[in-house]
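Take a look at the structure below.
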Amino acid sequence: MNRDFLDHEIIEKDMDSLYIGNLNTVEYDLVLPERGMYGSKIIWKSGHDRFLSDDGKVTRPAYGMGDRTIPLYATFLYGNAKKTKTYEVRILEKKNQLQVSNVYPVRITAGVSELAELPQVAIVERSDGNLIPYPVEWEKGSRVFFRAPGMYKAHGTLADTEFPVEAEITVLKELPEKYLNPLPEVTECSEADIRLIEGSLFHNSQQNMLLYLLNVDDDQMLYNFRTASGIDTRGAMPMDGWDAPDSQLRGHTTGHYLSSLALCYHSTGDHKIKEKAVYMVQSLGECQEAFSNMPDIKDGFLSGYSEEQFDLLEEYTKYPVIWAPYYTLHKILAGLLDCYYYIRSEKALVIADRLGMWVWRRLSGLSREHLTKMWSMYIAGEFGGMNAVMVELFRITGREEYLKCAGLFDNDKLFYPLEQRVDALCTMHANQHIPQVLGAMELFKATGIKKYYEMSEFFWQTVVSSHCYANGGTGEGEMFHESGKIGALLNKDTAETCASYNMLKLTKELYQFSPKAYYMDYYERTLYNHILATQDQRVTGESTYFLPLGPGGQREFLFENSCCHGTGMESRFRYREGIYFYDRKGSIYVNLFIPSEMQWKEQDVLIRQYTDRRFPECISLYAEGSGLNTIKIRRPCWVRQYRILEDEQEAGIVPDENGYIIISRDFSQGITFQLEFSYEFQLIRTPDEPEKAAVQYGPYLMAVLSEQKDFIRFLFDESNVTDRMKATEDPLRFICEGYTFVPLCEVGTNAYHVYFLSTSDKDR
């Protein structure tokens, strides 16, 4: 008998006889044998090692995250035969084991004879000291009304518990002023023609993504929309990964693709890119029209699937049965509006307007309690920046319904602790909530209601000061954790790229209302050391999902149309956004030192800046124009010594209290300045485990090229790190104790370390 046939027969017998337990309700570790009963060797591979490791270790999802079904692959080998079997493992979420140490009183202020709302959450201190928002059930409902000023109380309990909650309601005859002036102090130079100059890492990154976009199959990007709306797919292949025909998030990548095409055209002027964007918009319009002719589909709807997911969300169906329908919708709307802004597509606005009214008609019929419960659900209730795009539609169309609709996305779980200026972010999904704060900023800009601005500013300060790694990234395993817990969370699942993408957008918004250099210090840190470091240098269009910051980490590109693939497509054309701003007095702010040229014909302003990798501390800045009288140059936080030369002489400059170097001149004939910013080594220590530190050199976070899986111990501290670093021919590469340090954004395919154990000589 054929030997190969016998080998296959043994594998089949081992597959039939193998039993690894009831996989429908898994709560404990699995025992995964290395051999079958008849002798096959078995190699196990988990489809999601965050919840199930290759050796069977189970990590149950936290309460509220929903059960997870994980594919587990068993590869059987015997002789020359090989076969793989897939098991579906349903891992149950943890039970609610809330251990309460304290429940903060709920405090609100209301006006006499004004209908007010109690928040749907209270701030709870757990027994481990962490603060979290937790749902409340009020005895007499959440609406309160009082006819006389005074102090009043309401009572309730934490949901699904007997823990009491008390609300303290201050009723005033006249409420304090609740508005701020929503006019920004500085504004992006969005009307100017800004181009990146060849040769820099940023320009190379942008061109890499441009080449990718030119080769994307537009019909494949339309596949899900055409299929759902009953239109011919024109022979296109189905999407894959998160946009596969059986994925509950299909359509989100297409929204990002619209945005990236529009931003690419705005940044490069490539007309082939504009043609692709026009085709996409026209085709989506056809899909929307086809949807409107389908029975049981309401007018204006547009998606890569039917309305079913939205129906299920309103029934509180958990993830992963459904997967964030309003998140997907936000990407589609944002992409359409970007096409309206940057390729001047009126058709895109018409589609977005119809879709926006579909959202308003659907949500306006739901109660506040119903909406709040929806938005507080893990992942299923994630809505991206729906509040932001609703405000944008209001701003463009003037429809009051859109402004009201934006307010329907107010999420007590996030907003109430922020209003109280309490860090209750622990256990929250990072990128589910950062875009919601962006929406709060848009609501402030449209209404002037100051609570939205104050919440946004407090959120930014909290995340940057207490939840960020040295590269500016935030979140571990997608989640916010305890305040200041950084050193204990250094692994391969750190710094989700989407979270930094949205934090940069929030930073830019806040900066425009308070143009202080520390905002752009964070912007630069995150742009250089996270966003720039995430791109695959091959022309794949891919970005990292997480950027590993644990020892021996290595960038991984998943090729699955993930959320970070989508934001990564956009980010390469957003490099220009943070460089130049202007104020009402005609001053131009230079915030980022990225080789670029800004030509603003309407204002008669030309600014050009160059850098040379051989001399990274030197920046050449040329400024010309009758519309220019003052340049404000950010003094980076990492600079201790600097000087500015004009015609080889030190220029007369004025530093200001916001962190800027002010140069006022007559620029009509053009002036060239040389900026000299000293690069020095600095240590950034983790607050919870201060023996762990990262090394920064100028704006660059430095990484050691090493596959070692334990933390490397270096004999340096703040007093001698500069002396320990030995220069090489490359001014951005150094040798220390036999290890090579390079900028994190240049690690390539190598394994690397960002954090180290820092030991001084006296500690040896």
Side-chain angles (χ1 to χ4, degrees), residues 194-212 260 263-264 267-268 468-474 494-505 507-508 520-549 553-557 564-579 591-596 609 611-613 616 619 634 636 638 679 684 694-703 705 730-733 741-750 752 754:
I194 301 173
R195 295 286 185 259
L196 303 187
I197 293 174
E198 290 185 21
S200 73
L201 292 173
F202 292 98
H203 182 267
N204 294 344
S205 171
Q206 178 179 274
Q207 294 304 109
N208 180 307
M209 189 59 71
L210 169 61
L211 290 174
Y212 168 75
S260 59
L263 291 163
C264 179
S267 297
T268 67
C468 275
Y469 296 99
N471 75 324
T474 189
T494 48
E496 184 187 356
T497 301
C498 279
S500 285
Y501 160 91
N502 281 309
M503 281 298 294
L504 289 184
K505 293 177 78 170
T507 303
K508 189 179 62 173
M520 284 298 158
D521 286 332
Y522 168 79
Y523 197 102
E524 177 186 67
R525 172 163 60 118
T526 309
L527 186 68
Y528 277 63
N529 302 303
H530 192 186
I531 298 300
L532 186 62
T534 60
Q535 188 181 20
D536 188 353
Q537 297 309 304
R538 298 166 296 175
V539 183
T540 64
E542 198 52 70
S543 299
T544 62
Y545 195 107
F546 298 113
L547 187 65
L549 296 175
Q554 199 163 5
R555 298 186 309 160
E556 183 179 7
F557 302 102
C564 295
H565 167 69
T567 56
M569 286 194 295
E570 295 182 37
S571 289
R572 313 310 156 194
F573 308 108
R574 293 187 182 275
Y575 293 145
R576 50 165 279 162
E577 291 182 359
I579 305 176
N591 278 308
L592 301 177
F593 307 106
I594 295 174
S596 56
Q609 56 171 317
T611 60
D612 187 332
R613 184 187 174 87
I619 301 156
R634 177 179 65 94
W638 43 265
Y679 276 32
I684 305 172
V695 175
Q696 182 171 324
Y697 182 63
Y700 295 101
L701 194 65
M702 305 299 284
L705 302 181
D730 186 329
L732 293 179
R733 290 187 172 231
F741 280 79
V742 304
L744 176 60
C745 58
E746 296 185 3
V747 295
T749 59
N750 297 291
Y752 59 88
V754 169

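Positions are given from 1 along the sequence. Please read these numbers as outputs of a predicted model, since none were measured by experiment.
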Taken in chain and number order and not counting sequence neighbours, the residues that satisfy ring-ring contact (aromatic ring centres under 6.0 Å, His included) with Tyr501 are none
Looking at Asn208 and Gln535, what are the two nearest heavy atoms and their distance? OD1-NE2, 3.5 Å
For Trp638 and Tyr697: C-alpha separation, side-chain torsions, deciding distance, then whether ring pair (Phe, Tyr, Trp, His ring centres under 6.0 Å) applies. CA-CA 8 Å; Trp638 43 265; Tyr697 182 63; 8.9 Å; no
Is the backbone of Gly698 close enough, under 3.5 Å, to the side chain of Gln696 for a donor and an acceptor to pair up by distance? yes
To the closest 0.5 Å, what do you measure between CD (Glu542) and CD (Gln537)? 13.0 Å
Report yes if some heavy atom in the side chain of Met520 is under 4.5 Å from a heavy atom in the side chain of Glu524; otherwise report no. no
Looking at every heavy atom in both Leu744 and Tyr752, which two are closest together, and how far apart are they? CD1-CE1, 3.8 Å
Quick one: CD on Glu577 to CD1 on Ile194, what's the gap to the nearest 0.5 Å? 9.0 Å
Distance from Arg733 atom CZ to Glu746 atom CD, nearest 0.5 Å? 6.0 Å
Give me the one residue out of Thr611, Leu527, Ile197 that meets side chain to side chain contact (heavy atoms under 4.5 Å, CB included) with Ile594. Leu527
Write down the atom of Asn529, the atom of Pro699, and the distance for their closest heavy-atom approach. ND2-O, 3.0 Å
Here the gap from Leu196 atom CG to Ser267 atom OG, rounded to the nearest 0.5 Å, amounts to 7.0 Å
Who pairs with Phe557 by ring-ring contact (aromatic ring centres under 6.0 Å, His included), at least two apart in sequence or on another chain? none
On a heavy-atom basis, the closest approach of Thr544 and Cys564 is O-CB, 3.5 Å
Between His530 and Ser571, does a side-chain contact (heavy atoms from CB on, under 4.5 Å) hold up when you go through it step by step? CA-CA 11 Å; His530 192 186; Ser571 289; over 6 Å; no
Check the angle between the aromatic planes of Tyr528 and Tyr700 and answer parallel, tilted or perpendicular using the 30° and 60° thresholds. perpendicular
Can you see which heavy atom on Gly473 is nearest to which on Ser500, and at what distance? CA-OG, 3.4 Å
Checking Tyr575 against Ser205: is there a side-chain donor and acceptor pair closer than 3.5 Å? yes
Gln609 CD to Ser200 OG distance, which is reported to the nearest 0.5 Å: 10.0 Å
Before you tell me yes or no, could you show the steps for Arg555 and Leu547 under side-chain contact (heavy atoms from CB on, under 4.5 Å), namely the whole-Å CA-CA distance, both residues' side-chain angles and the distance that decides it to 0.1 Å? CA-CA 6 Å; Arg555 298 186 309 160; Leu547 187 65; 3.9 Å; yes
Counting distance only, does the side-chain N/O of Tyr522 pair as donor-acceptor with the main-chain N or O of Thr507 below 3.5 Å? no
Yes or no on side-chain contact (heavy atoms from CB on, under 4.5 Å) for Ile531 and Leu504, after CA distance, side-chain angles and deciding distance? CA-CA 10 Å; Ile531 298 300; Leu504 289 184; 3.8 Å; yes
Between Ser596 and Phe202, is any pair of side-chain heavy atoms under 4.5 Å apart? no
Nearest 0.5 Å, what's the CG-CG distance between Asn591 and Asp521? 9.0 Å
Any chance the side chains of Arg574 and Thr567 put a donor and an acceptor closer than 3.5 Å? no
Heavy atoms, side chains only, cut-off 4.5 Å: are Phe593 and Arg634 in contact? yes
Tell me the closest heavy-atom pair linking Thr749 and Gln554, and the distance in Å. O-NE2, 2.5 Å
With no hydrogens and no angle check, is any side-chain donor or acceptor of Thr494 less than 3.5 Å from a backbone partner on Leu549? yes
Matching residue for Val742 among Asn750, Leu732, Asp730, Leu705 - test: side chain to side chain contact (heavy atoms under 4.5 Å, CB included): Leu705
